[in-house]
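Structure first, commentary second.
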Amino acid sequence: MRMRILTVSAFFESHGGGVEIVAGALARAMAKRGHDSCITGAAFDAPPVDPSITAVPLPSRDPIERHIGLPMPVPNKAGRKKLAAEVAAADAVIIHDSLYVSSILAARAAICLRKPWILIQHIGAIPYSSPLLRATLAAANFAITRRMLSSASQAVFISGVVQRHFEGTRYSRIPQLMFNGLDNSLFHCPQAGDRDAARVEFALLGSAGLRLLFVGRFVEKKGLAALRELAINRPDCEFVLVGDGPINPASWGLQNVTLLGRRTRQELARLYRACDGLVLPSIGEGYPLVVQEALASGLSVYCGLDSAAADPGAMPFLHGVAVDPNNPEVTARRFRDAIAAQPPSIQVNAAAYASARYNWDVNAAALEAMISSTHT
């Protein structure tokens, strides 16, 4: 049955974060299954140019992200009115993460209008170095996230780590675990000549050592301080950084750090094939999409213990490293030792596992079944 499905994302994919990339991919997967698929995002980001989905820009402001790295767009009066109208027009609502203002407003509207709504929770605890930020997030998860998880027609977690963080929550239905999908036509092991061609394309020719890739927002929770120390500890490696944010790695003054800014999904796929390994010293994440993409591309992945344990089936292919958010020097040494103990190599088995395991259409079909079940 064709439905009008509204995906509520705080940002559009052009913002560059993993949650919004997942939201966009699932919205397109819903459209491919024959549904009328709409997606919200803050109007200050470029909306997706895709005829299969309808982008709904919400006039908003984001007064704090550039200062402390915490994204929190706030829809203005026109944005709130537009969001309420979209919820009213939808047959079902899929909300990505609970603590955004647009998520809270959409959930309230769906409850008032008796619309089925699914909450996909990506993030649990984030051990910020700031005690104030840690306490604020903990209080918000207690007062808002748990309540929304309880109220949702269906709660979905993108990793077991995040689900365990909210143990003790009362749900209206048994919560579901659903890993992010992949576009396997983009993310795959390098073929003959792929690596050399990609290194020429991105001018990654200045080092004879390992090329280690980082993909993500340049914010504290992604482990930028530890990444800087690791680059200092391994001057023989080239560190290729993709993304942007309030932290500016150019200020590090390190010759072995290459900044490539934001990249399209197609460019990112080629960058995975150009590099030897992915380094992600992040904290407070469930199962970052970049980890799955790197696995599908055959890269060795060095990441935090929580991310490495998110999918038990993928654990043999991941190098989990203990991240100490208060001690980037110690964290960097741990990553350095992990890389030295198990140097990067092409992980064909990991790529095969990821290709078989992670699928956007399977996820969309599961969400479709969850929506249908709420009517029974």
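No experiment lies behind these values; they were computed from the predicted model shown.
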Checklist line | Pairwise side-chain contact, Leu137 with Ile123, heavy-atom cut-off 4.5 Å (strictly under) | finding: no
Check: Do Leu367 and Leu177 belong to the same hydrophobic cluster, where Ile, Leu, Val, Met, Phe, Trp and Tyr are linked whenever their side-chain heavy atoms lie under 4.5 Å apart, directly or via other members?
Finding: yes
Margin query: Using the rule that Ile, Leu, Val, Met, Phe, Trp and Tyr join whenever any side-chain heavy atoms are under 4.5 Å apart, tell me whether Ile174 and Phe179 fall into a single cluster.
Written below: no
Notebook entry, point to check: Does some side-chain heavy atom of Pro281 sit less than 4.5 Å from a side-chain heavy atom of Val321?
Noted result: no
Next item on the list: Determine whether Met148 and Ile104 make a side-chain contact, defined as any pair of heavy atoms from C-beta on separated by less than 4.5 Å.
Entry: yes
Item checked: Closest contact, heavy atoms only, Gly304 versus Val323 -> CA-CG2, 3.9 Å
Next item on the list: Keeping the roles fixed (side chain from Ser60, backbone from Ala43), state whether a donor-acceptor pair exists under 3.5 Å.
Entry: no
Notebook entry, point to check: Do any N or O atoms from the side chain of Ser300 and from the backbone of Ser345 form a donor-acceptor pair under 3.5 angstrom?
Noted result: yes
Notebook entry, point to check: Any donor-acceptor pair under 3.5 Å linking the side chain of Gln154 with the backbone of Ala152?
Noted result: no
Can you give me every donor-acceptor pair (side chain of residues 106-117, partner residue at least two apart or in another chain, under 3.5 Å) with its distance?
unit_1: Lys115; atom_1: NZ; unit_2: Ala88; atom_2: O; d: 2.9
unit_1: Lys115; atom_1: NZ; unit_2: Ala90; atom_2: O; d: 2.7

Notebook entry, point to check: What do the steps show when you test Val162 against His122 for side chain to side chain contact (heavy atoms under 4.5 Å, CB included), and what is the final call?
Noted result: CA-CA 7 Å; Val162 177; His122 297 251; over 6 Å; no
Checklist line | Any pair counted as side chain to side chain donor-acceptor pair (under 3.5 Å), so long as it reaches residues 77-87, sequence neighbours left out | finding: Arg4-Glu86
Checklist line | Inter- and intrachain pairs under side chain to side chain donor-acceptor pair (under 3.5 Å), touching residues 26-35, at least two apart | finding: Glu13-Arg28, Arg33-Asp361, Arg33-Glu368, His35-Glu368
Note to self: Any heavy-atom pair between the side chains of Val219 and Pro246 that's under 4.5 Å?
What the structure shows: yes
Item checked: Verify same cluster id: Ile144, Tyr171 (apolar side-chain graph, 4.5 Å) -> yes
Item checked: Shortest non-hydrogen contact from Gln121 toward Leu149 -> CB-CD2, 4.3 Å
Next item on the list: Just jot down the salt bridge (charged side-chain N to carboxylate O under 4.0 Å, His left out) partners of Asp306, sequence neighbours excluded, or say none.
Entry: none
Item checked: Phe166 CZ to Ser98 OG distance, which is reported to the nearest 0.5 Å -> 6.0 Å
Notebook entry, point to check: Measuring from Ser102:OG to Asp97:CG, what's the distance to the nearest 0.5 Å?
Noted result: 10.5 Å
Check: Hey, are the side chains of Leu182 and Leu295 touching, using non-hydrogen atoms and a 4.5 Å cut-off?
Finding: no
Notebook entry, point to check: Quick check: are there more than 12 heavy atoms from other residues, nucleotides or ligands sitting under 6.0 Å from CZ of Phe142?
Noted result: no
Notebook entry, point to check: Measuring from Ile158:CD1 to Gln292:CD, what's the distance to the nearest 0.5 Å?
Noted result: 7.5 Å
Next item on the list: Mind running side chain to side chain donor-acceptor pair (under 3.5 Å) on Glu238 and Thr258 for me, showing each step along the way?
Entry: CA-CA 7 Å; Glu238 182 176 9; Thr258 299; 2.8 Å; yes
Notebook entry, point to check: Which residue pairs pass the salt bridge (Lys or Arg N to Asp or Glu O under 4.0 Å) test when at least one of the two sits in residues 241-262, sequence neighbours left out?
Noted result: Arg217-Asp244, Asp244-Arg262
Next item on the list: Using atom types as modelled and distance alone, determine if a side-chain donor or acceptor of Thr40 lies under 3.5 Å from a backbone N or O of Ser9.
Entry: yes
Next item on the list: Please name the pair of heavy atoms, one in Leu58 and one in Gly79, separated by the smallest distance, quoted to 0.1 Å.
Entry: CD2-O, 3.7 Å
Check: Between Gln347 and Leu299, is any pair of side-chain heavy atoms under 4.5 Å apart?
Finding: no
Next item on the list: Any chance you could measure Leu227, atom CG, to Glu229, atom CD, to the nearest 0.5 Å?
Entry: 10.0 Å
Checklist line | Exam field: side chain Ser150 to backbone Arg146, donor-acceptor pair closer than 3.5 Å | finding: yes
Note to self: Using 0.5 Å steps for rounding, measure from the CH2 atom of Trp360 to the CG atom of Asn184.
What the structure shows: 11.0 Å
Note to self: Could you report the tightest heavy-atom contact between Ile283 and Pro325, atom names first, then the distance?
What the structure shows: CD1-CB, 3.6 Å
Notebook entry, point to check: How would you list all residue pairs meeting salt bridge (Lys or Arg N to Asp or Glu O under 4.0 Å) that involve residues 335-355, not counting sequence neighbours?
Noted result: none
Margin query: Tell me if a side-chain donor or acceptor on Asn256 pairs with a main-chain N or O of Ala231 at a distance below 3.5 Å.
Written below: yes
Margin query: Which residues end up grouped with Ile39 if you chain together Ile, Leu, Val, Met, Phe, Trp and Tyr wherever their side-chain heavy atoms are less than 4.5 Å apart?
Written below: Phe12, Ile53
Next item on the list: Start with the C-alpha gap between Ile339 and Leu210, add the side-chain angles, then the distance that decides, and say whether side chain to side chain contact (heavy atoms under 4.5 Å, CB included) holds.
Entry: CA-CA 10 Å; Ile339 294 167; Leu210 297 173; 4.1 Å; yes
Note to self: Tell me whether Arg173 contacts the main-chain N or O of Ser373 through its side chain, where contact means a donor paired with an acceptor under 3.5 Å.
What the structure shows: yes
Margin query: Would you say that more than 12 heavy atoms from the other residues, nucleotides or ligands in this model lie under 6.0 Å from the CD of Gln255, or not?
Written below: no
Note to self: When you compare the side chain of Met370 with that of Thr374, does any pair of heavy atoms fall below 4.5 Å?
What the structure shows: no
Next item on the list: Say whether Tyr287 and Val362 are linked into one hydrophobic cluster, either directly or through other cluster members, by side-chain heavy-atom distances under 4.5 angstrom.
Entry: no
Next item on the list: Please list all pairs passing the ring pair (Phe, Tyr, Trp, His ring centres under 6.0 Å) test where one or both residues lie in residues 214-239, with sequence neighbours left out.
Entry: none
Side-chain polar contacts of residues 307-319 - donor-acceptor pairs under 3.5 angstrom, sequence neighbours left out - could you list them?
unit_1: Asp311; atom_1: OD1; unit_2: Gly313; atom_2: N; d: 3.1
unit_1: Asp311; atom_1: OD1; unit_2: Tyr353; atom_2: OH; d: 3.3
unit_1: Asp311; atom_1: OD1; unit_2: Arg357; atom_2: NH2; d: 3.2
unit_1: Asp311; atom_1: OD2; unit_2: Tyr353; atom_2: OH; d: 2.9
unit_1: Asp311; atom_1: OD2; unit_2: Arg357; atom_2: NE; d: 3.4
unit_1: Asp311; atom_1: OD2; unit_2: Tyr358; atom_2: OH; d: 2.7
unit_1: His319; atom_1: ND1; unit_2: Gln342; atom_2: OE1; d: 2.8

For residues 16-26, dump all side-chain donor-acceptor pairs below 3.5 Å to protein atoms at least two apart in sequence or in another chain.
unit_1: Glu20; atom_1: OE2; unit_2: Gly17; atom_2: N; d: 2.8

Notebook entry, point to check: Does Leu254 belong to the same Ile/Leu/Val/Met/Phe/Trp/Tyr cluster as Phe202, with side-chain heavy atoms less than 4.5 Å apart forming each link?
Noted result: yes
Item checked: Heavy-atom pair with the smallest gap, counting every atom of Leu213 and Cys275 -> CB-SG, 3.9 Å
Checklist line | Nearest atoms (heavy-atom pairs only) where Gly209 meets Asp276 | finding: O-OD2, 4.3 Å
Notebook entry, point to check: Is the backbone N or O of Gly181 less than 3.5 Å from a side-chain atom of Asn359, with the two atoms forming a donor-acceptor pair by type?
Noted result: no
Margin query: Could you check whether any side-chain heavy atom of Leu99 comes within less than 4.5 Å of a side-chain heavy atom of Asn141, counting everything from C-beta outward?
Written below: yes
Item checked: salt bridge (Lys or Arg N to Asp or Glu O under 4.0 Å) contacts in which one or both residues fall within residues 152-168, not counting sequence neighbours -> none
Next item on the list: Nearest 0.5 Å please: distance from the CZ atom of Arg263 over to the CG atom of Leu268.
Entry: 10.0 Å
Next item on the list: Take Ser297 and Arg273, measure what side chain to side chain donor-acceptor pair (under 3.5 Å) needs, and give me the verdict at the end.
Entry: CA-CA 6 Å; Ser297 304; Arg273 294 192 285 275; 5.4 Å; no
Margin query: Suppose clustering is done on Ile, Leu, Val, Met, Phe, Trp and Tyr with side-chain heavy atoms closer than 4.5 Å. Which residues sit in the same group as Val348?
Written below: Ile346
